[in-house]
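We're numbering straight along the sequence, starting at 1. Everything numeric in this text was worked out from a predicted model, so none of it was measured.
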Amino acid sequence: MDAIKGHEDKSETRAEFVQALEARLGCEIVVTGTDVAVYCRDWHGDIQSDAVAVLRPRSTAEVQDCVRAAIDLGLQVVPQGGNTGLVLGAVPDAPDRQVVVSLERMTKIRSLDADNFSAVVEAGIVLEDLKEKVAQEGLYFPLALGAQGSCRLGGNVATNAGGVNVLRYGMTRELLLGLEVVLPDGSLFEGLNCLRKDNRGIDLKQLFIGSEGTLGIITAVSVKLLPAPEQVATALLALGSLEDAMTLYRRARRQCCDLMSAFEFMPPIAFELAKEGMPDLVLPMQAEYPAYVLMELSGSGLVDIDDLMVRFVEFAFEEGLALDGVIATSQAQARNLWLIREGMNEGQAKRGKHLRTDISVPLSRMAEFVSEVEAKIGTEMPDAICVSYGHVGDGNVHLNVLPGSRGDVDEQIYCAKQIANEVLDRYNGSISAEHGIGRLKKDDFSQRLTDVHRRLLESVRSAIDPALTMNRGCQIDL
């Protein structure tokens, strides 16, 4: 669909809401009119919605004011960071009853403690800005996403974002020490300590990580930092199959151990899509092989990372696993290799609406799973194109499907999704490895909940937000 359906037009009520919000919060915070549109569309541009207004607070206290104003007016709140999510978690779906609260103006680093390897930062900071600022102190924040130039840390936390470094550093959850959260009643949960060990009962911050704004608005985050890697080695290898990629990963996991920070697989069409997304991109080799692996090693101190990469690549050729390959000899070359991975996403977006999955399966069965799903889609939808890629070490595969020229696009997307999910259920996998549930996957998520799982989720939601003020319509319906 081209827009999320809302209530029937209530322009007078909207005008009254806006007038009340401006009187209470000030015109500097309240955004209305045509400026609202950019906050109410998804990243790919498939969905365009609307909202009563967008509220842009500059401090935690102003976030509290925004929430209390919304409560008093009977409005729902949709928290938003960089709005780069892929499951409609931050896109309003009741335009006449919802306000977007954007954290984009809350970008301060409140403190940076190099000796404690930690920082306290506001939730609106752009991920790449955070990474660059801590790098100036010789430190490293390892969360790495294709959207890091525009996504914001609060959204990363609210979705428990993954990315390419999960293999070594874990999901966002593993990189956090504390949170500050404005709750649905406007009160403040103050949990911004920077302790590595704090075993005082239930760890309440875990409730908000991955909650996608349904339990409150994350306003600040305490993060773990690490020494900046002094050496990074990147290689792109061509292989004969995804099965060979899995074999290579198992060897790399043992031979490179925890020095391996990324291990990504891509299909041949990745090169074509990357060029479509980034026409100026220089490709280091031709798409002549069935599978490709992009791997990265990193470290500091006495370990010779470059030598380790060279020796491992030599081993891969000797074993007959690698058929072709290139090792980056500079940071610019390494960046160019990663642009193939990132450009592939841009290319898919340029081809229009398509199925985007975010699946995880047991690592030992990833190749088998991809082969089965692609075969079934090829049989039932011969005009469609499967684009399977992802994070080998995490068991996370993005098995995307570009609809063919014959037939309705939405019907093809639905059919491909049903095929993928039917196979996924037999593999005991997950429909969301790192993107979240949002509004896009809510029905599929609900269908797979056990009674106990649903009861626990509903109990937590009802206890913290009984009025369903926060991001109603996201994750589950109560």
Side-chain angles (χ1 to χ4, degrees), residues 144 163-168 229 231-275 281-299 303-344 361-371 374 386-399:
V164 298
N165 284 342
V166 172
L167 175 62
R168 181 169 179 180
Q231 305 174 54
V232 179
T234 308
L236 178 67
L237 301 176
L239 300 97
S241 66
L242 178 54
E243 289 83 357
D244 286 348
M246 301 307 301
T247 299
L248 187 66
Y249 167 75
R250 289 190 288 270
R251 304 286 178 85
R253 195 73 183 89
R254 288 176 170 83
Q255 295 187 18
C256 303
C257 303
D258 290 336
L259 296 173
M260 184 165 58
S261 50
F263 197 96
E264 305 280 303
F265 80 88
M266 300 180 292
I269 196 175
F271 291 78
E272 179 182 338
L273 292 168
K275 284 292 286 185
L281 182 63
V282 177
L283 299 178
M285 64 177 75
Q286 298 299 314
E288 298 176 344
Y289 301 96
Y292 294 83
V293 160
L294 180 60
M295 65 178 293
E296 181 179 275
L297 308 179
S298 61
V303 178
D304 189 337
I305 293 297
D306 289 334
D307 179 65
L308 178 60
M309 177 65 87
V310 168
R311 287 189 289 124
F312 179 74
V313 170
E314 288 176 349
F315 165 81
F317 277 99
E318 290 169 0
E319 291 291 303
L321 292 171
L323 305 176
D324 196 358
V326 58
I327 299 176
T329 58
S330 67
Q331 290 184 355
Q333 287 183 1
R335 178 59 182 154
N336 190 72
L337 294 181
W338 277 107
L339 284 176
I340 299 172
R341 175 70 167 80
E342 296 172 17
M344 179 172 50
V361 295
L363 185 57
S364 60
R365 304 192 70 189
M366 179 183 283
E368 179 187 357
F369 170 79
V370 171
S371 178
E374 288 190 345
C386 291
V387 185
S388 300
Y389 60 97
H391 319 299
V392 169
D394 313 326
N396 179 190
V397 54
H398 302 294
L399 202 160

Considering residues at least two apart in sequence or located in another chain, which fulfil the side-chain hydrogen bond (donor to acceptor under 3.5 Å, both in side chains) criterion with Asp244?
-> none
Closest approach of Ala328 to Ala334 (non-hydrogen atoms, all atoms of both residues) | CB-N, 3.5 Å
For Thr234, what residues pass the side-chain hydrogen bond (donor to acceptor under 3.5 Å, both in side chains) criterion, not counting sequence neighbours?
-> none
Identify the two heavy atoms, one from Ala367 and one from Glu243, that lie closest to each other, and give their separation to 0.1 Å.
-> CB-CG, 3.9 Å
Could you tabulate the donor-acceptor pairs under 3.5 Å formed by side-chain atoms of residues 281-291, not counting sequence neighbours?
none

Gln231 side chain to Val303 main-chain N or O, any donor-acceptor pair under 3.5 Å?
-> yes
Closest heavy-atom pair and its distance - Met295, Ala252 = CE-CB, 4.4 Å
Measure across Ser388 and Val397 and return the closest heavy-atom pair with its distance rounded to 0.1 Å.
-> CB-CG2, 4.4 Å
OH (Tyr292) and CG (Leu237) are apart, to the nearest 0.5 Å, by 11.0 Å
Excluding sequence neighbours, so at least two apart, what forms side-chain contact (heavy atoms from CB on, under 4.5 Å) with Ser364?
-> Pro362
Beyond-backbone contact of Leu363 with Met246, side-chain heavy atoms, under 4.5 angstrom = yes
Euclidean distance, Thr247 OG1 relative to Leu242 CG, rounded to 0.5 Å | 9.5 Å
Any Val387 side-chain heavy atom under 4.5 Å of Pro267 side chain = yes
Not counting sequence neighbours, which residues clear salt bridge (charged side-chain N to carboxylate O under 4.0 Å, His left out) with Arg341? List them please.
-> Glu264
Val164 vs Trp338 side-chain heavy atoms within contact, under 4.5 Å | yes
Between Ala270 and Met344, the two heavy atoms sitting closest are CB-SD, 3.3 Å
Sub-4.5 Å side-chain heavy-atom contact between Arg253 and Leu167 = yes
Using the test ring pair (Phe, Tyr, Trp, His ring centres under 6.0 Å), find all partners of Phe265 that sit at least two apart in sequence or belong to another chain.
-> none
For the residue pair His398 and His391, categorise the inter-ring angle as parallel (less than 30°), tilted (30 to 60°) or perpendicular (more than 60°).
-> perpendicular
Can you sort out the partners of Asp394 under side-chain hydrogen bond (donor to acceptor under 3.5 Å, both in side chains), two or more places apart, ordered by chain and number?
-> none
Between the CG atom in Asp306 and the OG1 atom in Thr329, the distance rounded to the nearest 0.5 Å is 10.0 Å
Counterpart residues, side-chain hydrogen bond (donor to acceptor under 3.5 Å, both in side chains), relative to Glu368 (two or more places apart) | Arg365, Tyr427
Option from Leu337, Ile340, Val392 for which side chain to side chain contact (heavy atoms under 4.5 Å, CB included) with Leu294 holds = Leu337
Pair Phe369-Leu399, side chain to side chain contact (heavy atoms under 4.5 Å, CB included): steps then yes or no | CA-CA 10 Å; Phe369 170 79; Leu399 202 160; 4.1 Å; yes
Listing, residues 313-327 side-chain donor-acceptor contacts under 3.5 Å, not counting sequence neighbours, or none:
unit_1: Glu319; atom_1: OE1; unit_2: Arg251; atom_2: NH1; d: 3.3

Mind checking salt bridge (charged side-chain N to carboxylate O under 4.0 Å, His left out) for Asp307 and listing every partner two or more places apart, or none if nothing turns up?
-> Arg311
Could you grab the distance from atom CE of Met260 to atom CZ of Arg254, nearest 0.5 Å is fine?
-> 10.5 Å
Qualifying ring-ring contact (aromatic ring centres under 6.0 Å, His included) pairs with a residue from residues 233-257, counting only residues at least two apart or across chains | Tyr249-Phe263
Taking every heavy atom of Ala245 against every heavy atom of Val293, the minimum-distance pair comes out as CB-CG2, 3.7 Å
Applying salt bridge (charged side-chain N to carboxylate O under 4.0 Å, His left out), name anything that partners Glu374, two or more places apart in sequence or on another chain.
-> none
